[in-house]
Amino acid sequence: MESSPRDRLQTASRIGALGFVALWLLSARLQSAIPFWLPFAILAAMEVEFVVRGIRDRRADEEVEPVPNARRLPGADDADLGWVETLDDEGQPTLAPAAPRPPRTTRGPALLMLVVAIGLFAYAYRIDRDAGWSSVASAEQSRAEERFTAEAARIAGRDVRVYCDDAYSFTGVGSDAAGVALISRGLSYLEPTICRSLYRLAFEGELGQRDEAAFAITVLAHEATHLRGIRNEAETECYALQEGVTLGRRLGLDEETARALMESQRARDLSDASVARLDYRLPEGCTDGGRLDLSPNDDRFP
């Protein structure tokens, strides 16, 4: 049976809503910009409209009374006539009341949801475009990589090179790594989202989401620490949290903000959420005055 325009509109609306929710779930930037209840409220509204429409259509079907003694039941197309001629059981012509036309249903709810879904898709596209590393001009990307390279070299204590892995050859989609260090070659690759957060901080003077900024600073310091020659992930993370305070200041943060970001990142590293990456769990010596404290005479840590 060929679907009606209303059914096609309903299907398009549902697909649009589902697509937006999927996009929201996959984008941390969208999750920070759009409250969690909105995508699911859209889905709930679509489901309610679908159920209400089904109930209404079923009731409409039940209200159409069958015409007795008629071999050909009059249909909706006959309703304008009021009466139609048919044949009774004996084959004699007779008149029967025409079936009423089904009630007209409005496309308003489905159309509204489709418009909302399209609008949210456009909003999501704009957010990702403005927030992504690809939104930065090519010349600015090169300038940023030079800056990240200089900062990494100060931590590594030697000549190194940092690139933003915009093709995801080593990070992100290709793996779960936000950064990769090739120690023997003195190379490091950062996930584009990390580069965008660092660029926002160093070149636009904006902190952005605090968790994202803290993580981005830690990743750059972490890979730079690897390039110093330290391979153990847990020790590298501990050193990165301490280096991140000075790195954050050089990128434009004040002392208290930089330290607060690294303290929050340290808390996340110690939380249950990091159990999946046990090799990154901070060791016992990663404390004030511990064996991994880079400034044992300082009473502040990291």
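Excluded from the calculations below are hydrogen atoms, water molecules and symmetry mates; all remaining heavy atoms, backbone and side chain alike, are included.
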Side-chain (Glu212) to main-chain (Ser197) donor-acceptor, under 3.5 angstrom: no

Okay, side chain of Gln242, backbone of Cys238: is any donor-acceptor separation there less than 3.5 Å? yes

Plane angle bin for Phe203 and Phe148 - parallel if under 30°, tilted between 30 and 60°, otherwise perpendicular: perpendicular

Is Arg249 reaching over with its side chain to a backbone N or O of Ala258, donor-acceptor style, under 3.5 angstrom? no

So if I apply the side-chain contact (heavy atoms from CB on, under 4.5 Å) rule between Ser295 and each of Asp293, Asn297, Asp299, which one comes out positive? Asp293

In this structure, would Leu227 and Val219 fall into the same cluster of hydrophobic residues linked by side-chain contacts under 4.5 Å? no

Check whether Phe301 and Leu241 end up in the same hydrophobic cluster, where Ile, Leu, Val, Met, Phe, Trp and Tyr are linked by side-chain heavy atoms less than 4.5 Å apart. no

Evaluate the side-chain contact (heavy atoms from CB on, under 4.5 Å) criterion for residues Met262 and Glu243: first the C-alpha distance (whole Å), next the side-chain angles of each, then the deciding distance (0.1 Å), finally the verdict. CA-CA 9 Å; Met262 292 301 97; Glu243 296 284 3; over 6 Å; no

So does Asp254 have more than 12 non-hydrogen atoms from other groups sitting under 6.0 Å from CG? yes

Strictly below 4.0 Å, N to O, side chains only: are Arg196 and Glu204 in salt-bridge contact? yes

Of all the heavy-atom pairs spanning Ala221 and Gly244, show the shortest one and how long it is. CB-N, 4.2 Å

Ignoring hydrogens, what is the shortest heavy-atom contact between Trp133 and Ala144? Give both atom names and the distance. CH2-CB, 3.8 Å

Over all heavy atoms of both residues, which pair between Thr287 and Arg266 is shortest? Give the atoms and the distance, please. CG2-NH2, 4.0 Å

Under 4.0 Å between a Lys/Arg side-chain N and an Asp/Glu carboxylate O for Arg268 and Glu263? no

Within the 4.5 Å heavy-atom criterion, are Tyr163 and Leu187 side-chain neighbours or not? yes

For Pro283 and Arg291, the nearest pair of non-hydrogen atoms, with its separation, is CB-NH2, 4.5 Å

Given side chains that start at C-beta, do those of Leu261 and Arg210 come closer than 4.5 Å, heavy atoms only? yes

Glu191 (side chain) donor-acceptor with Asp165 (main chain) under 3.5 angstrom: no

Side-chain donor/acceptor of Thr236 to backbone N/O of Asn232, under 3.5 Å: yes

Ignoring hydrogens and geometry, is there a side-chain-to-backbone donor-acceptor pair from Thr171 to Gly179 under 3.5 Å? no

Do Leu207 and Leu251 belong together in a cluster built from hydrophobic side chains that touch within less than 4.5 Å? yes

Any non-hydrogen side-chain atom of Glu233 less than 4.5 Å from a side-chain atom of His226? yes

Check: Phe215 and Ile194 side chains under 4.5 Å, non-hydrogen atoms: yes

Test side-chain contact (heavy atoms from CB on, under 4.5 Å) on Leu182 and Tyr189; report intermediate values, then the result. CA-CA 9 Å; Leu182 307 178; Tyr189 293 90; 4.0 Å; yes

Between the side chains of Glu140 and Tyr199, does any donor sit under 3.5 Å from an acceptor? yes

Give me the atom names and distance for the closest heavy-atom approach of Arg281 to Leu270. NH2-O, 3.3 Å

Residues forming a salt bridge (charged side-chain N to carboxylate O under 4.0 Å, His left out) with Glu256, sequence neighbours excluded: Arg300

List the steps and the verdict of side-chain contact (heavy atoms from CB on, under 4.5 Å) for Leu190 and Leu220. CA-CA 8 Å; Leu190 304 180; Leu220 177 56; 4.0 Å; yes

Reported CZ-to-OG distance for the pair Phe170 and Ser188, which is rounded to 0.5 angstrom: 10.5 Å

How far apart are the C-alpha atoms of Val162 and Glu223, what are their side-chain angles, what is the distance that settles it, and do they pass the side-chain contact (heavy atoms from CB on, under 4.5 Å) test? CA-CA 9 Å; Val162 174; Glu223 303 312 324; over 6 Å; no

Separation between CD1 (Ile155) and OG1 (Thr246), nearest 0.5 Å, reads 8.0 Å

Side chain to side chain donor-acceptor pair (under 3.5 Å) partners of Glu237, counting only residues at least two apart: His222

Nearest heavy-atom approach of Gly208 to Arg200 is CA-CD, 4.1 Å

Inspect the surroundings of CZ in Arg158 and state if more than 12 heavy atoms from other residues, nucleotides or ligands are less than 6.0 Å away. yes

Using 0.5 Å steps for rounding, measure from the CD atom of Gln141 to the SG atom of Cys195. 8.5 Å

Examine Val160 and Ile217 and state if one hydrophobic cluster contains both, with Ile, Leu, Val, Met, Phe, Trp and Tyr joined whenever side-chain heavy atoms are less than 4.5 Å apart. no

Would the distance check show the side chain of Arg161 and the main-chain N or O of Thr149 forming a donor-acceptor pair, the cut-off being under 3.5 Å? no

Does Ile230 sit in a hydrophobic cluster with other residues, and if so which ones, taking ILVMFWY side chains as linked at heavy-atom separations under 4.5 Å, directly or through other members? Tyr239, Leu292, Leu294

